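What follows is a short report on a single structure.
Note that the coordinates shown come from a computational prediction; the quantities given were computed from them, not determined experimentally. As the structure lists them, so they are numbered: ligands from 1, and atoms in each ligand from 1. In what follows, residues are counted from 1 in the order of the sequence shown.
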Amino acid sequence: MAVSLASTSKQPIGDVSPIDLDRIRADFPILHRTVNDRALVYLDNAATAQKPWAVLEALRTYYETENANIHRGVHFLSVRATEAYEAARCKVQRFIGAARPEEIVFLRGATEAVNLVAQTYGRANVGTGDEILISTMEHHSNIVPWQMLCEQTGAQLKVVPINDAGELLLDEYERMLNSRTKLVAITHVSNALGTINPVAEVVKLAHARGVPVLLDGAQAAPHLPIDVQQIGCDFYAITGHKMFGPTGIGALYARYDLLDTMPPYQGGGEMIASVSFDKTVYNAVPHKFEAGTPNIAGAIGLGAAIDYMTEIGHAAIMAHEHDLLTYVTAALESIPEVRLIGTAKEKAAVVSFVVQGVHPHDVGTILDLRYRKRNRLPLAKDKITDQSVVHLFQENGCG
Ligand SMILES: *Cc1c(COP(=O)(O)O)cnc(C)c1O
């Protein structure tokens, strides 16, 4: 890949070629539009990422040339659509290192993935007096489904604390694991703090006590290479729109043996093998968990997003994001009124901060206005120019 990493590092880092920023910018049509007569600066990737042409083209090509319902028709288009949908499942499988494609359930997003586990595995395995462990740094999607399960079953939600840097207190976590613990549900990367949790260690400690672990990977999938078998987790949730894919599509990974024994989530078409008024036989996994016509185009778009990220390569993405994080951390720390929230040693390129005496809502509004007026971020100067920072951020996951 050619070199044009603005002014951060023109030298390859190790044997990783720097990202070709101009080429990547060109891949994202929304970056070609203006906002308030200025080139768009987009820093909200932790909430949702923009989409490259490759993803938009995949959606369009699907609807223009292959659209049909899947798994049931014998006609040409239905077969093509089914193949494309199942090929997307295999892309997700390889992307997160699952052992087999049947371990990937397509869903609306990470939220639905956590709810599915809570309402199927959770309902079947959690009872009165049992405990579910989450952490202080969870997204609402990994809190509320467990609160609902606790209300339904009489179980208790226990929250593992973090330190001032935003790091999980592993000792506390280990102490809180006990014979009542039925499930651990923890984020891989925090959307608010950027913290990368030591998930393999989290899993090891839980498994030593026979407790299964769900990892919320919504924020990890855009930033890190993921290998669910190496991590050893039982469940892993991702969401397409945070990793350059469409909204309304995500996936749950679950170990095959667990998935196979879990009761279905919703009833309907696709999830059944045979139906009569006396008895319904459920389909095999993963179809048992994909009731109704799924988001076929979304899955294909997610597959295209995975291809796009894979082509750039995690090593290049991580090296680039590391540069960005180093730069923005130093720049923000040089402003006395600014306090960074989340300074974990292991941290992804997600940056949160507060400005002393100013409500975060006002900071957001003022930065937006300031940008409109001056077309630059109010950051301290370093060897990178303000303009190059604007470019760098547009490509990356700094929320
Ligand atoms: C965005 C996010 C979710 C929820 O994803 P949805 O696409 O809204 O389902 C869950 N966890 C984390 C850490 C997130 O960043």
Taking only heavy atoms of G109 into account, list the atoms of ligand 1 that are under 4.0 Å away from them. 9 (O)

Is R89 paired with E86 through a side-chain N to carboxylate O contact shorter than 4.0 Å? yes

Fit a plane to each ring of H314 and F95, take the angle between them on a 0 to 90° scale, and name the class: parallel (under 30°), tilted (30 to 60°) or perpendicular (over 60°). tilted

Would a line drawn from the ring center of Y85 to the ring center of F106 be shorter than 6.0 Å? yes

Which bit of A218 gets closer than 4.0 Å to ligand 1, counting heavy atoms only: side chain, backbone, both or neither? side chain

May I ask you to say whether K158 pairs ionically with E172, meaning some side-chain N is under 4.0 Å from a carboxylate O? no

Does Y256 have R100 sitting over its ring (NZ/CZ under 6.0 Å from centre, angle to axis within 45°)? yes

Is the shortest N/O to N/O distance between K242 and ligand 1 below 3.5 Å? yes

So, Q119 and Q152: side-chain donor and acceptor under 3.5 Å apart, yes or no? yes

Among side-chain atoms of T61 and E64, is any donor-acceptor pair under 3.5 angstrom? no

Do any nitrogen or oxygen atoms of E112 come within less than 3.5 Å of a nitrogen or oxygen of ligand 1? no

For Q219 and ligand 1, does the shortest N/O to N/O distance drop below 3.5 Å? yes

How does T111 reach ligand 1, if at all, at less than 4.0 Å between non-hydrogen atoms: by side chain, backbone, both, or neither? both

A110, any N or O under 3.5 Å of ligand 1 N or O: yes

What part of H241, side chain, backbone, both or neither, has a heavy atom within less than 4.0 angstrom of ligand 1? side chain

protein heavy-atom neighbour closest to atom 10 (C) of ligand 1 works out as D216 OD2, 3.3 Å

Of all the heavy atoms in N142, does at least one lie under 4.0 Å from an atom in ligand 1? no

